[in-house]
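Okay, so here's the structure we're looking at.
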Amino acid sequence: MANVSPIPTESYNLGFIGAGKMAESIARGVVKSGVLPASRIRTAHRGTARRTAFESFGVKVLDENSQVVQESDVVVFSVKPQVVKDVVLQLRPLLSEKKLLVSVAAGVKLKDLQVWAGHSRFIRVMPNTPAAVGVAASAATKDDGELISKLFGAIGKVWTADEKLFDAITGLSGSGPAYIYLAIEALADGGVAAGLPRELALGLASQTVLGAASMAVTGGKHPGQLKDDVASPGGTTIAGIHELEKAGFRGILMNAVVAAAKRSRELSQS
């Protein structure tokens, strides 16, 4: 690794192997933040819908993954965990140490990725669709780690974590947005059940979750204290909280995180 040249931060091209929703979310965030222009990002897909999604904000869409690798300095593998091995092995002849390789596949261990690629210039990242939330740069150069932190930091906060924590990170923040989307949908349904028009209920539910999350991030208080601040004695909020507690709301969310983390571990062992 000592003889590997750093990626040129002012001129590098970013390529995505896999043109799904995760790749699209990252690419859109990178372009919107101004870290990279769309002209320096590419992916490959032959399906009209996915090609259109990327081309709509200026990303170059090629026909073959091999073309993406050849034209890119940083290559992000954003494919399903079950096919990562086959994809990396197929592209191995093109994956020189001159390229920085990044995996966002849940449950696929860094040591395996390095073996399949034939070198150790590989970084594992566990992002979620709204933002990047975990970076492991244990086998990369210092310059590589800084580049990835800047790249993913442009679309959210970045925490550096040991790889042993990645299954839990996957269960919490990788899968977590889906839990919150369910909560938003359920809150909106509750609003409709209480007499609100659907559009108004959904808007209020979404904004309420956004506002609460913002308070949790910036308010400087523990979530329990924030909850207590809203729940006045004998009021409406404590009545609602009582129903959530009776239904095991917190335990259900905890179980969801643990189940997703367990599945991530299973994927890494398959």
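Just so it is clear, the model here is predicted, and its values are computed rather than measured.
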Q) With hydrophobic residues grouped by side-chain heavy-atom distances under 4.5 Å, do L253 and V209 end up in a single group? A) no
Q) Is there side-chain contact between E245 and R250, with heavy atoms separated by less than 4.5 Å? A) yes
**Q.** Heavy-atom pair with the smallest gap, counting every atom of A260 and S175
**A.** CB-OG, 3.9 Å
(Q) Using salt bridge (charged side-chain N to carboxylate O under 4.0 Å, His left out), reason through R51 and D63 one step at a time and then give a plain yes or no. (A) CA-CA 10 Å; R51 292 184 73 95; D63 291 328; 3.2 Å; yes
(Q) If the condition is salt bridge (Lys or Arg N to Asp or Glu O under 4.0 Å), which residues does R198 pass it with, not counting sequence neighbours? (A) D189
Q | same_hphob_cluster(V83, L95) at 4.5 Å side-chain heavy-atom cutoff | A | yes
Q.
Check this for me, if you would: do E97 and R121 make a salt bridge, where the nitrogen-to-carboxylate-oxygen distance has to be below 4.0 angstrom?
A. no
Q: Name all residues meeting the side chain to side chain donor-acceptor pair (under 3.5 Å) criterion together with N255; count only those two or more places apart in sequence or in a different chain, and write none if there are none.
A: none
Q) Same hydrophobic cluster for L182 and I180, using side-chain heavy-atom links shorter than 4.5 Å among ILVMFWY? A) no
Can you give the donor-acceptor pairs under 3.5 Å from side chains of residues 228-240 to other protein atoms, not counting sequence neighbours?
from : atom 1 : to   : atom 2 : distance (Å)
D229 : OD1    : Q225 : NE2    : 2.8
D229 : OD2    : K221 : NZ     : 2.8

Q.
Can you give me the closest heavy-atom contact between A168 and A261, atom names plus distance?
A. CA-CB, 4.0 Å
Q: State plainly whether the residues D112 and R124 are in salt-bridge range, i.e. N to O under 4.0 Å.
A: no
Q.
Using a strict threshold of under 4.0 Å (side-chain N to carboxylate O), is an ion pair present between K150 and E146?
A. no
Q.
Would a single hydrophobic cluster contain both L165 and L267, if residues Ile, Leu, Val, Met, Phe, Trp and Tyr are joined by side-chain heavy-atom contacts under 4.5 Å?
A. no
Q | Main-chain N/O of I17 paired to N65 side chain as donor or acceptor, under 3.5 Å | A | no
**Q.** Y179 versus G171, closest heavy-atom pair with distance
**A.** OH-O, 3.1 Å
Q: Before accepting this row, confirm whether a basic side-chain N of the pair K60/E55 lies closer than 4.0 Å to the acidic partner's carboxylate O.
A: no
Q: Could you tell me whether K109 and E163 make a salt bridge, using a distance below 4.0 angstrom between a side-chain N and a carboxylate O?
A: no
Q: Report yes or no: do F57 and M22 belong to one cluster of Ile/Leu/Val/Met/Phe/Trp/Tyr joined by side chain heavy-atom distances under 4.5 Å?
A: yes
